[in-house]
Number of protein chains: 2
Amino acid sequence: MADTLSERSQNILEAIVEDYIASAEPVGSRAISRKHNFNLSPASVRNVMADLEEMGLLCSPHTSSGRIPTGKGFQYYIDTLLSVRTLNRNEKQNLRNSYRFQNMRMEDIMQEVGRVLSGLSQYTGLVMAPKFISTVFRQIEFIRLSQGRLLMIYVSETGLVQNKVIEADPSLTVRDLEQISSYLNSELNGLSIQEVRTKLKQELQEDRVCYDRLKKQALKLSCAALQDEIEDQIYVSGASLMLGQPEFSTPEQMKRLISAFESKKLLIELLDRGQSAQGVQIFIGSDSSQVDLEGCSLITSNFSNQKGAVGTLGVIGPVRMNYSQVVPIVDFTAQLVSRVLDREIAQD
Amino acid sequence: MADTLSERSQNILEAIVEDYIASAEPVGSRAISRKHNFNLSPASVRNVMADLEEMGLLCSPHTSSGRIPTGKGFQYYIDTLLSVRTLNRNEKQNLRNSYRFQNMRMEDIMQEVGRVLSGLSQYTGLVMAPKFISTVFRQIEFIRLSQGRLLMIYVSETGLVQNKVIEADPSLTVRDLEQISSYLNSELNGLSIQEVRTKLKQELQEDRVCYDRLKKQALKLSCAALQDEIEDQIYVSGASLMLGQPEFSTPEQMKRLISAFESKKLLIELLDRGQSAQGVQIFIGSDSSQVDLEGCSLITSNFSNQKGAVGTLGVIGPVRMNYSQVVPIVDFTAQLVSRVLDREIAQD
DNA sequence: TATTAGCACTCACCACTGTTGAGTGCTAAC
DNA sequence: GTTAGCACTCAACAGTGGTGAGTGCTAATA
């Protein structure tokens with residue numbers, strides 16, 4: 001249906017969306033007719049606007065005000081009118097220079113990416129580290145805490161460190177633990193966590209009556225350590241920048257937004273949606289059915305290393321976001337991070 | 001000077017502060033004379049208020065409004081009028097039950113403490129994990145990332161995990177690294193980082209011409225790993241609750257506050273101030289010389305295990321905070337966390 | 001002599017008012 | 001099909017007057 005728009009209607013819609021992105025205020029017919037030289041009088045523009053409003057692409061806050069694009073209007077703009085520039089060589093180099101990845105831990109990299117994304121876009125940067133389950137096993141260590149409690153430390157191929165407290169047989173000695181981790185490290189090295197789990201399941205079944213005490217303990221410990229999901233890690237940068245946007249300028253909206261950012265659950269849910277897809281994805285607030293993030297749009301892209309560990313990064317801003325500027329930044333940053341993660345892998 | 005206040009003046013000041021804490025609005029003479037039965041007419045109360053204003057303990061936002069306490073007024077109230085209840089057995093048990101510390105990593109514990117402090121006080125919870133330098137060495141591991149780059153993982157006695165990327169001689173094999181960490185783990189176990197550093201310095205001087213290649217590498221690596229400071233970890237919970245306080249209800253103040261919370265540097269600076277002192281400490285916003293945290297007060301207490309690793313936790317709220325309610329919560333929580341940390345230590 | 005009733009005064013707050021200007025829809029002329 | 005003209009709408013703003021909570025001062029009072 002939307003594709004049946006005449007060229008004139010498309011041009012006017014585009015002009016309205018772009019004016020609105022720039023000004024955050026309702027766009028009137030006179031402004032459109034003057035600034036963009038369509039050679040149309042305000043009255044003609046008004047006729048088109050009335051059509052667009054009927055189609056649900058525009059709306060007016062009150063009778064005698066200009067129009068603003070609806071969620072559907074933005075969607076149409078993004079789907080069919082938005083032309084995303086690719087960065088030229090200079091811009092790519094500049095972007096590359098914005099990031100400092102030398103000698104950084106995975107955690108630092110994620111944080112840095114969020115910070116830079118937020119700084120460049122002037123919106124809020126989001127980064128979700130690769131999920132535990134999508135990582136590749138590299139090394140595991142067990143450290144005794146108190147009686148019967150162990151600290152498990154897991155390192156993935158990309159240097160992502162996760163740890164977790166597990167309960168264990170109190171009779172295990174430090175020597176035992178060393179042997180167990182050494183055994184696991186040689187057995188599981190290079191497997192994805194998915195594969196690790198399958199393998200552990202198999203071995204547990206095969207060795208139901210296993211007389212090698214240490215092997216049995218090793219299986220038991222690694223099960224406790226690697227079977228459950230480990231909480232997603234998410235980094236939010238520049239939340240305060242959102243408070244400068246006119247759509248979130250009332251105290252109520254500020255509270256709502258900061259609460260939504262604080263809970264992180266919402267954000268994780270939202271970022272998860274993009275996990276399966278490739279390339280840049282755009283989610284428009286109104287369709288997200290997240291009341292607390294109403295009025296927000298999200299631009300995300302996945303990053304991954306060659307072994308397939310997938311994380312997501314992106315920018316969240318008002319629906320009235322500067323898509324043509326932010327999309328290429330998110331896109332190229334994801335590529336950049338992917339390359340950095342590959343460099344992290346040891347060349348053994 | 002302030003101690004020369006007559007009993008009547010003290011009573012009235014106390015009444016004003018407490019009314020203001022409850023209502024967040026200027027307190028008038030009539031309200032004081034009615035609610036608290038001093039048997040004084042409003043006019044008499046006014047006389048006293050005029051004195052208190054002259055002494056800088058009160059001020060009035062405009063000519064014909066009630067009075068509000070100044071920073072100095074709050075300081076006086078805290079120093080000489082505030083009587084802090086100690087929690088009774090029931091309340092202590094309730095508080096204990098609010099926390100779930102089972103099988104938690106240090107990180108989780110810190111986060112949980114922040115969350116609960118914020119929930120109970122309805123202000124913002126702050127927790128700063130024990131500083132790297134105040135921890136006691138437990139275990140160190142090295143994992144090869146790419147050519148010449150190692151991931152160092154350090155675990156303190158309380159189970160605090162820190163990691164860091166360091167550069168290293170690319171010729172070191174995995175076997176070498178195992179031997180190095182095993183050597184360091186036996187040499188440094190139980191020493192405070194402070195002691196570790198002294199020891200490393202000594203050994204480096206003694207063995208300037210050392211022919212044991214591995215020992216030399218071990219010293220070099222541990223220096224790179226443990227010599228520098230590792231960034232402070234700070235947890236902020238319930239920032240959005242502050243936005244509900246009337247003193248931060250304008251958009252400008254909200255932005256200022258959220259920005260201040262986001263930078264974390266300010267908060268670390270503030271929490272550091274309390275590190276040396278013992279027991280509960282109270283900082284009043286206006287004296288903090290932190291423009292961005294104007295209007296905020298901070299209640300902190302340190303926690304530590306028997307080996308002396310010190311962290312700080314607390315609550316940040318408006319100057320008009322309910323001190324008599326929050327102080328005991330912060331106090332007891334710090335004791336609770338200290339005990340939990342001691343339980344974490346292995347009984348070898 | 002300390003306390004208090006009385007009074008004039010101040011000022012934030014609120015509801016109401018009229019004006020302005022940007023923008024609209026409709027209609028008739030081009 | 002396009003557009004000039006016109007009546008209409010409505011948010012935003014500034015001004016206005018009333019209300020009430022509160023003050024400082026003074027003179028009367030216990």
Side-chain angles (χ1 to χ4, degrees), chain A residues 4-13 15-17 19-20 22-70 73 246-247 249-251, chain B residues 4-13 15-17 19-20 22-70 73 246-247 249-251:
Chain A
T4 61
L5 278 190
S6 71
E7 199 179 325
R8 172 188 291 182
S9 303
Q10 289 200 347
N11 286 338
I12 289 182
L13 178 58
I16 292 174
V17 170
D19 272 25
Y20 181 66
S23 71
E25 252 150 49
V27 182
S29 54
R30 223 168 73 102
I32 293 296
S33 126
R34 260 204 302 199
K35 268 192 261 174
H36 309 262
N37 43 358
F38 296 139
N39 291 324
L40 285 179
S41 74
S44 305
V45 174
R46 280 204 288 279
N47 287 331
V48 177
M49 282 164 122
D51 295 346
L52 291 172
E53 181 161 7
E54 207 171 345
M55 299 170 72
L57 299 172
L58 298 178
C59 65
S60 42
H62 56 86
T63 325
S64 69
S65 77
R67 304 301 210 294
I68 61 179
T70 60
E247 30 270 280
S249 62
T250 70
Chain B
T4 62
L5 279 188
S6 70
E7 199 179 325
R8 171 188 292 180
S9 302
Q10 290 199 346
N11 287 338
I12 288 182
L13 177 58
I16 292 175
V17 170
D19 273 26
Y20 181 65
S23 71
E25 253 151 48
V27 183
S29 55
R30 223 168 73 103
I32 294 295
S33 125
R34 262 204 301 200
K35 268 190 262 174
H36 310 261
N37 44 356
F38 296 138
N39 290 326
L40 283 179
S41 74
S44 304
V45 174
R46 281 205 287 280
N47 287 330
V48 177
M49 282 165 120
D51 295 347
L52 292 172
E53 180 161 8
E54 208 171 343
M55 299 169 72
L57 299 172
L58 298 179
C59 65
S60 42
H62 56 87
T63 325
S64 69
S65 77
R67 304 302 211 293
I68 62 179
T70 60
E247 30 270 280
S249 62
T250 69

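Worth saying up front: this structure is predicted, and the values here are computed from it rather than measured. Scope of the values below: all heavy atoms of this structure, side chains included, with no hydrogens, waters or symmetry mates. First the proteins, then the strands, lettered A, B, ... as listed; each starts at 1.
- Atom CD1 of B:I12 is separated from atom P of C:dT3 by 10 Å (rounded to the nearest Å).
- Residue whose closest nucleotide on DNA chain C sits further toward the 5' end, between B:P61 and B:S41: B:S41.
- Side chains of A:L5 and A:M55 form a contact here, defined as non-hydrogen atoms less than 4.5 Å apart.
- Note that the CD1 atom of A:I12 and the CG atom of A:L57 stand 12.5 Å from one another [nearest 0.5 Å].
- For the pair B:L40 CG and C:dA5 P, the computed distance is 11 Å after rounding to whole Å.
- Taking atom NZ of residue B:K35 and atom P of nucleotide D:dA21, one finds them 13 Å apart after rounding to whole Å.
- Residue B:I32 contributes atom CD1, which lies 18 Å from atom C1' of C:dT4 at whole-angstrom precision.
- Two residues are said to be in side-chain contact when any heavy atoms from C-beta on lie closer than 4.5 Å; B:S60 and B:S65 meet this criterion.
- Counting to the nearest Å, the P atom of C:dA2 and the CG atom of B:D51 are 12 Å from each other.
- Taken from CZ in B:R8 to CG in B:L13, the straight-line distance is 14.5 Å, to the nearest 0.5 Å.
- A donor-acceptor pair is defined here as one N or O able to donate and one able to accept, closer than 3.5 Å; such a pair exists between the side chain of A:T70 and the backbone of A:G56.
- A heavy-atom distance below 4.5 Å is not found between the side chains of B:H36 and B:N11.
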Spell out protein contact along nucleotides 21-28 of chain C as letters: B when the base is contacted, S when just the sugar-phosphate is, - when no protein heavy atom is under 4.0 Å; keep the 5' to 3' order. -BBBB---
